[in-house]
Each structure stands twice: as structure tokens, then as C-alpha cells.
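Have a look at the structure below before the remarks.
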There are 2 protein chains.
Amino acid sequence: MTATSKTLRDEIENGIVTGDFQPGERLDEVQLATRYGVSRTPVREALMQLGAIGLIEIRPRRGAVVAEHGPERVFEMFEVMAELEAMAGALAARRHNEADMASILAALEQCQNAAASDDTDQYYYENEIFHRAIYSASHSSFLEEQCLALHRRLRPYRRLQLRVRNRMKMSLSEHGDIVEAIAAGDAEQARFLLRNHIAVQGDRFGDLISSLKT
Amino acid sequence: MTATSKTLRDEIENGIVTGDFQPGERLDEVQLATRYGVSRTPVREALMQLGAIGLIEIRPRRGAVVAEHGPERVFEMFEVMAELEAMAGALAARRHNEADMASILAALEQCQNAAASDDTDQYYYENEIFHRAIYSASHSSFLEEQCLALHRRLRPYRRLQLRVRNRMKMSLSEHGDIVEAIAAGDAEQARFLLRNHIAVQGDRFGDLISSLKT
DNA sequence: GTCAACCATTTTGTATACAAGAGATCAGCC
DNA sequence: GGCTGATCTCTTGTATACAAAATGGTTGAC
């Protein structure tokens, strides 16, 4: 396979997310270089970038391996994500303008459409847009960046979560409540709802653990 | 100047924090290479790492410049930092063990000593240890990492803040209350106190703005 | 038979040479 | 005289060659 239109970094990242590279697997620089038809230099740069966002682990003089996050680690990441999203929701409730609200409502509608046609992949995509609309409505560009970065890092696990039975319908119903709270300007309610929406707790914790074990 | 014992990345980072490289200044790869007596390759790696943590901005094919954060941007960063630290405090209140509490109390004492001798630099140092003790007591390694990363990014601005008159005494008194809440296991109180401790609000906002203008 | 030390091989880190794109300058045209 | 376009230079991005370090195997001794 040779390099496509996307950047090398995205190429390797995709390989990790799709399971082409297994967690714990050693990433050999020359192998990657030949595989993507480039030299070691851009491969190293891509690996460093992936290391910076935590997708792979780079140990000096000892190479790079795909990060294998244990269940408790993933749980912690969702815990932090929940708090950041809750914060974004609280800010959005206070600061949103008409344009923000329109984006959020539009995204909600697309989520509903995807759910109605039982299209998990489509819902996954629309769900992302919905959450991004909230980040944007927080009017804190830094918070938005942080949320996007962490969201990206959690992407593979999030995808697994939606596969759980009924999760899509639950998620959609929660979205509705969240939008309501934001529209009403109820910051604390938006914070509370988003925290619970993201956090992995109760039954969902078990679901996550078992999905990681496969 | 030639490279010292520290890594090249720390070297350049230090140059930015100390003002050796001004915000907005262009960082030429060959200049840095000759300055530190290495080739362009390690310089590029160091720049990429600094770009990943947001200290510099890298635009493809257009080089790297030292990030210049406007006041509102810095405000947003403190806003997020406050929320993360508040979260760490809340978790610490619930999860801390004897060893955690001992570390926190020891750090608090060192803060008191530094404040007693009116040593701002020393207080700055001890303050960092105090906050790190709380991160650690949260028993969430991911949250701890996120806090450390953001703390590092905010380091230059934090330093400016302590210069404000009476801030050290205020900070110390707040530390006492925070420790009390954590020791009592009052998560919500710890969250509330830490959020206010970090956040830049009221008079402190003006202080920050003016310190950025110098 | 097992353990340890040394050497070879593999792999990362660095330097330098080359290619390609972006910005500046100068010239020609309107 | 101002604006637009082409060329030229300077800088970034990539490839390859070289150096240094870590790992693994092999051999020798106990």
C-alpha cells in the first residue's frame, strides 16, 4: 500500500483505530516507511505526533508501541471528558447565541434522523457534530480545543460504546434534555446532564470493560 | 551557547519561558541548530514537541512562531485549569489515603514556611508541589497527567500572578481551607474552593490583563 | 547444565544533502 | 505611478548515510 491523499499521520492513526495495528504492537520505523512508501524521517515525525496525543507510547531508544490502555485508564479518560463536556455545556447555556442554538438544534435533528433509520455509523457521525456544536457554543476556544483533542483520543472506545444495545436511543433522549437545558440557560442542569451523558457508570461500565476484553 | 545537559526541547522551552524568544517571534530552524550546536533534525523534533503542547505554533511550510496568547485566551486556559483542578480536588477528597494526606500536609507546611519568609520564588515552587500532591491524591493518573500538562503550559502566567500584592497570603489561606475540605472528605467543598482558587475572576482578572500588557 | 559475559545484529538517533513550495523582489504593463 | 506577474531566493520537508545504543544470541567457564 502506498500513501494516499491524507497525511501520513492520519494514515497511521487510522491504522491504529481500525485495529490494523494491535494495541501493544511494536511500530517499526523502517517497516512503516516501506509500507507507506516514504523515508524514515516523516514516519518519525508522524510517530512523535501520535505520541504527543497519547495514541502510541514512545520510549527513548526503545521504539514506539501502540498504547494499550487498561480498563481503568479508559475509565479515567471518560471521567475527565465528562467533566470537560459538562463545563462546555454549562458555558454554552450561559453564552450561546442564536447561531449556536441553530447549529445545536440542527445537529440534534440529524441525530434523530440517524436513530430513526437505526444507522449506528451515521448516528456516530452526527453525534460527533452535535457535541462539537456544544463545544463551539461555549465560546471558549481553548476549551473547545481541549474537548476536540480528548474526543479524538476517545474515538475508538466511543465507537464501541454505541454498539451496546439501546445505547443509541438512550443517547438520543439525553441529547434532547441537554438541548433543553442549554436553551433555557440552565448552566447547572446542562452540566449535570452532560456529565452523566458522557461518564461511564453503572451498567455502562461493565459494557465498556467487556468491549475492551474482545 | 552550546547544548547543556538538559534536552534540546527543555532548552528551547526555557528560552521561551524566560523571554529569550519573544511571543510572535519566528523560530528559524537553522539558527536554532547552530545556536545549540546540533543539526536541523533534532531541532525539528523539539519544535514539534513544543507545538504539540501549544507553546509554539507550527504552520505547514511556513515555520514556527512562539505562540502569543491574548488575554482572553489566557483567561480561558485558567478557566479550564480551574475546572480540572477542582475535579482533582473532589476526587482527592473521596479517594485520598494516609500517604496522600501526609504529602499534602507536608506541602502545605512548606508553603507556609515560604510565605513566612516572604520568598515569592520559593512559594511559587512549593505551591507547585502542593498542587501536584492534590493531583496525585485524585488517584486518576490520566487526570494527573492532564493537570500537569496544563499547569506546565500556564507556568509563565502563574508566576506573574504571584507577584501581585498580597496574592501569596491569600493563596496560602485558601490552601488551608482546601486541605481542610479534602481531609474532611467533602468533595463538593473541595471542588468549589479549588475552582475559586485557580480561576481568574474579579480583581484578579484586571491584575492578569495588566501583567500581560507589560 | 546453567549462568554470565561478550560480540553481533538490529534499531533508534543525528547529520547532511537534495527537492519543493512559499515569499520577496524586480520588471513590465496598464 | 501603481499593480500584476514571473523569477529568484530562502525556508521547510524528505531522503539517505552514518553513529550510537540496546537487545539477543552464542560461547565459554564454573
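Chain A is the first sequence line, chain B the second, and so forth, proteins listed ahead of strands; every chain is numbered from 1. All of these numbers come straight from a predicted model, not from anything done at the bench.
A salt bridge does not link A/R132 with A/D100: every distance from a Lys NZ or Arg NE/NH1/NH2 to an Asp or Glu carboxylate oxygen is 4.0 Å or more. Here B/R195 does not pair with B/E85 in a salt bridge; the nearest charged N to carboxylate O distance is not below 4.0 Å.
Summary for the helix from C/dG1-D/dC30 to C/dC30-D/dG1: the axes at its two ends, each from 5 pairs, differ by 10° when rounded to the nearest 10 degrees.
Side-chain nitrogen and oxygen atoms of B/T41 include none within less than 4.0 Å of the OP1 or OP2 phosphate oxygen of C/dT14.
In this structure a side-chain-to-backbone donor-acceptor pair under 3.5 Å is missing from B/N14 to B/E11.
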task = Could you please spell out the steps behind the side chain to side chain donor-acceptor pair (under 3.5 Å) verdict for A/Q122 and A/S117?
result = CA-CA 9 Å; A/Q122 185 66 20; A/S117 50; over 6 Å; no
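In this structure, A/L32 CG and A/Y36 OH are separated by 6.5 Å, a value rounded to the nearest 0.5 Å.
For A/L47 and D/dT14, the CG to P distance is 14 Å, given to the nearest whole Å.
Below 30°, between 30° and 60°, or above 60°: for A/H131 and A/H151 the angle between ring planes is between 30° and 60°, a tilted geometry. Ring planes of A/H175 and A/F130: parallel class, angle under 30° (limits at 30 and 60°).
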Distances for protein N or O near nucleotides 9-13 of chain C N or O, under 3.5 Å:
from, atom 1, to, atom 2, distance (Å)
C/dT12, OP1, A/R26, NH2, 3.3
C/dT12, O3', A/R61, N, 3.4
C/dT12, O2, A/R61, NH1, 3.1
C/dG13, OP1, A/R61, N, 2.8
C/dG13, OP2, A/R44, NH1, 2.9
C/dG13, OP2, A/R44, NH2, 3.3
C/dG13, O4', A/R61, NH1, 3.4
C/dG13, N7, A/R40, NH2, 2.8
C/dG13, O6, A/R40, NH1, 3.0

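Contacts of B/R44 classified as salt bridge (charged side-chain N to carboxylate O under 4.0 Å, His left out), with partners at least two apart in sequence or in another chain: A/E45, B/E29.
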